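Below you'll find the structure, written out as structure tokens, and then a few comments.
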Amino acid sequence: MSGHAIPDRTPAVALEGVHKFFGNFHALRGIDLTIARGEVCVAIGPSGSGKSTLLRCINQIEEISAGRVRIGGTLQGYVERNGRLHELSPREIDRQRRLTGMVFQRFNLFPHMTALGNVIEGPVHVKRMPKAKARSLGRDLLARVGLADLADRYPNQLSGGQQQRVAIARALAMEPEVMLFDEPTSALDPELVGEVLDVIKDLVASGMTMMLVTHEIGFAREVGDHLVFMDHGTIVEEGRPKEMLEAPKSTRTQAFLSKVL
Amino acid sequence: MASVTTAMAAPSDEAPRDEKQQVRLNEVVPRRHPGRWVAAALLAIVVMQIAHGVIVNPNFHWNVFWQYLFAPTVIAGVGWTLALTVIAMLVAIVCAGILVLMRDSDNPILRTVSWLWIWFFRGTPLYTQLLFWGLFAILFPRLSISVPFGPEILGVPTDWVVTAGVAAILGLGLCESAYLAEIFRAGFKAIDRGQTEAAQAIGMSRGRIWWRILLPQALRTIIPPTGNETIGMLKGTALVLAVPFTLDLMFATSAIANRIYLPVPMLMVAAFWYLVVTSVMMVGQFYLERHFGKGQDYVRTRHT
């Protein structure tokens, strides 16, 4: 991470005091988190700890109840004028969402479109890219995730691992600044996990900024620059993955790691 | 950027043909089904009894049936019935689409209007509604744009606009829109929320998500019940005599029946044409379903 030009020093993602309530349930309890450009941030923690909610707040699938989310220094979802927050229009929110690419646990591919159709949907219908150009971009991206031959298959003709790789290509097609992965391998058969992790590793090597929620602790150690342990809606501990996994400071982290390692 | 070289090749799910020949496949003696033969025989006897009773029965006046099957007013009646069905259905589909959008909107006023519309048109009988539309020109002799409680700006006599045909179409279409709106709503509700989230994540606007992602998937579940409703509408047109609209198939055949004092053969003529039109519609529905089932219904069998 070089810090020569001024814009480079603004973090890719910055959360300040983020809270999220679902009714009376306090899902996020004051999250402060900074992800530098090019950094791979991995969030681990028990289910229900708020990891997924955090990701969903970053790309505004969920509206935050308190705090600020900034991407590349830009406040997300609102403009602040005279100390008050004003809601952005849906158009502007859609525009902001393009900065982040999201990969879901259950793939969420569009079932009525082929693999290629899924990948070019954003470029053609959001970015208004000419169809021919989008198709060649789409084919390149499918080749990048190792699916060049399966461009014309529908999602239900693909394995889980293949579907998830299409989903990654679909997110990359919008050229996001940050990629968010919400347990991308949790719905996969064990023998298919590797092919998806390989694609993510390739993205890490390309210098993509990303936040990854996962239960694959070994993978977190391998690719992560920054590990976050969450429990009950708070960040209990964060640090460098190797140090934190070998010598967790918090007893809650220790207890969790002893169960999953 | 290095490209990923996953060890996995594309799965070859089609076994080479000769591989199947190498295996000695089981030779299975099919199970016998004596029950089916008995049932078939019994049914054949019943069917022949009924057919005999209908075909040679002089009370059915088959000569009259053949005489009027292609009578000009009957054929015109088929045309009018079809026209009423198609146009009223289009009115209903457009209204139902708007009602669903209103029902799902953030605007509480639009939501309430949609609810009230469905409540009213579903809650009153079609026959009553058709009578009302028939009386519309008497209730409101002039249709005009005017300042409320003030002078008229622009106006025409109502019966220039709301003719019997228009009244019939409005009556059938608006009533149907309430039912269709509920069918459409069910179709959209059945779609996983993840679809909207995935589309939002690539920055699609709400309108575009609705049109590109949700509608094509909803149509898959919407089409079969809508086909049902269309067939119901076809036969519902028989009620337009309430308006009164006097050119449709049912009215045309009963007019002839009243003239020649032979209701049964004319009923058979009407039934024949309703069946023909329904059959054609079912073929159309088959192709629509196949189109919107792409990628979701299991159509192709890869192994055989």
Side-chain angles (χ1 to χ4, degrees), chain A residues 56 59-61 90-91 93-114 117-118 121-123 125-127 143-150 154-157 159 161-162 165 167 170-171 173-174 176 180 192 194-195 198-199 201-203 205-207, chain B residues 1-14 104-107 187-188 190-223 288-303:
Chain A
R56 294 160 67 86
N59 85 340
Q60 304 189 59
I61 289 177
R91 236 184 120 85
I93 290 177
D94 294 336
R95 190 171 289 277
Q96 288 187 338
R97 281 203 181 105
R98 292 190 223 164
L99 297 174
T100 53
M102 181 99 172
V103 175
F104 300 86
Q105 184 178 350
R106 304 216 49 93
F107 330 135
N108 296 352
L109 289 182
F110 307 132
H112 56 302
M113 298 177 188
T114 61
N118 268 276
E121 183 64 17
H125 291 279
V126 179
K127 281 189 164 176
R144 189 170 164 193
V145 298
L147 295 174
D149 303 338
L150 304 180
Y154 284 94
N156 72 349
Q157 299 169 320
S159 74
Q162 290 165 345
R165 288 188 278 156
R170 177 175 68 180
M174 294 303 289
L180 306 171
L192 302 179
E195 61 186 79
D198 283 345
V199 170
K201 252 187 256 177
D202 174 54
L203 275 178
S206 77
Chain B
M1 279 165 236
S3 105
V4 179
T5 47
T6 35
M8 262 203 45
S12 60
D13 38 14
E14 272 142 297
D104 286 339
S105 86
D106 293 332
N107 185 328
F188 282 95
I191 303 170
D192 186 74
R193 249 204 73 74
Q195 290 292 308
T196 304
E197 290 177 357
Q200 282 177 336
I202 55 173
M204 290 178 96
S205 67
R206 274 186 73 165
R208 203 162 291 278
I209 293 172
W210 192 85
W211 182 252
R212 294 276 316 163
I213 307 299
L214 301 180
L215 184 63
Q217 293 186 58
L219 281 176
R220 180 171 159 263
T221 41
I222 287 172
I223 286 169
L288 273 179
E289 278 182 31
R290 203 170 63 171
H291 176 78
F292 286 103
K294 249 189 321 187
Q296 291 179 82
D297 295 335
Y298 196 75
V299 214
R300 276 183 292 175
T301 42
R302 304 190 70 87
H303 313 268

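These numbers come from a predicted model, not from an experiment.
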Is chain B contacted by the side chain of [X], its backbone, both, or neither, given a heavy-atom distance below 4.5 Å?
X        : answer
A:Phe110 : both
A:Leu99  : neither
A:Pro90  : neither

Would you compute the distance between atom [atom1] of [X] and atom [atom2] of [Y] and round it to the nearest 0.5 angstrom?
X        : Y        : atom1 : atom2 : value
B:Ile209 : A:Glu121 : CD1   : CD    : 10.0 Å
B:Ser205 : A:Arg97  : OG    : CZ    : 11.0 Å
A:Asp94  : B:Ile202 : CG    : CD1   : 11.0 Å
A:Arg98  : B:Met204 : CZ    : CE    : 11.0 Å

Q: Given side chain to side chain contact (heavy atoms under 4.5 Å, CB included), test A:Arg56 with B:Glu197 step by step and report yes or no.
A: CA-CA 9 Å; A:Arg56 294 160 67 86; B:Glu197 290 177 357; 2.6 Å; yes

[X] side-chain N/O to [Y] backbone N/O, donor-acceptor pair under 3.5 Å:
X        : Y        : answer
A:His112 : B:Arg212 : yes
A:Gln60  : B:Ala201 : no
A:Asn108 : B:Gly194 : yes

Q: Using side chain to side chain donor-acceptor pair (under 3.5 Å) as the criterion, list what pairs up with A:Arg91, not counting sequence neighbours.
A: none

Against chain B, work out which of [options] has the most heavy-atom pairs shorter than 4.5 Å and name it.
options                                : value
A:Met174, A:His125, A:Met102           : A:His125
A:Arg95, A:Arg170, A:Arg106            : A:Arg170
A:Val103, A:Leu203, A:Thr100, A:Val126 : A:Val126
A:Asn59, A:Leu109, A:Leu147, A:Thr114  : A:Leu109

Q: Tabulate, in ascending numerical order, the residues of residues 213-221 of chain B having at least one heavy atom closer than 4.5 Å to a heavy atom of chain A, or enter 'none'.
A: B:Ile213, B:Pro216, B:Gln217

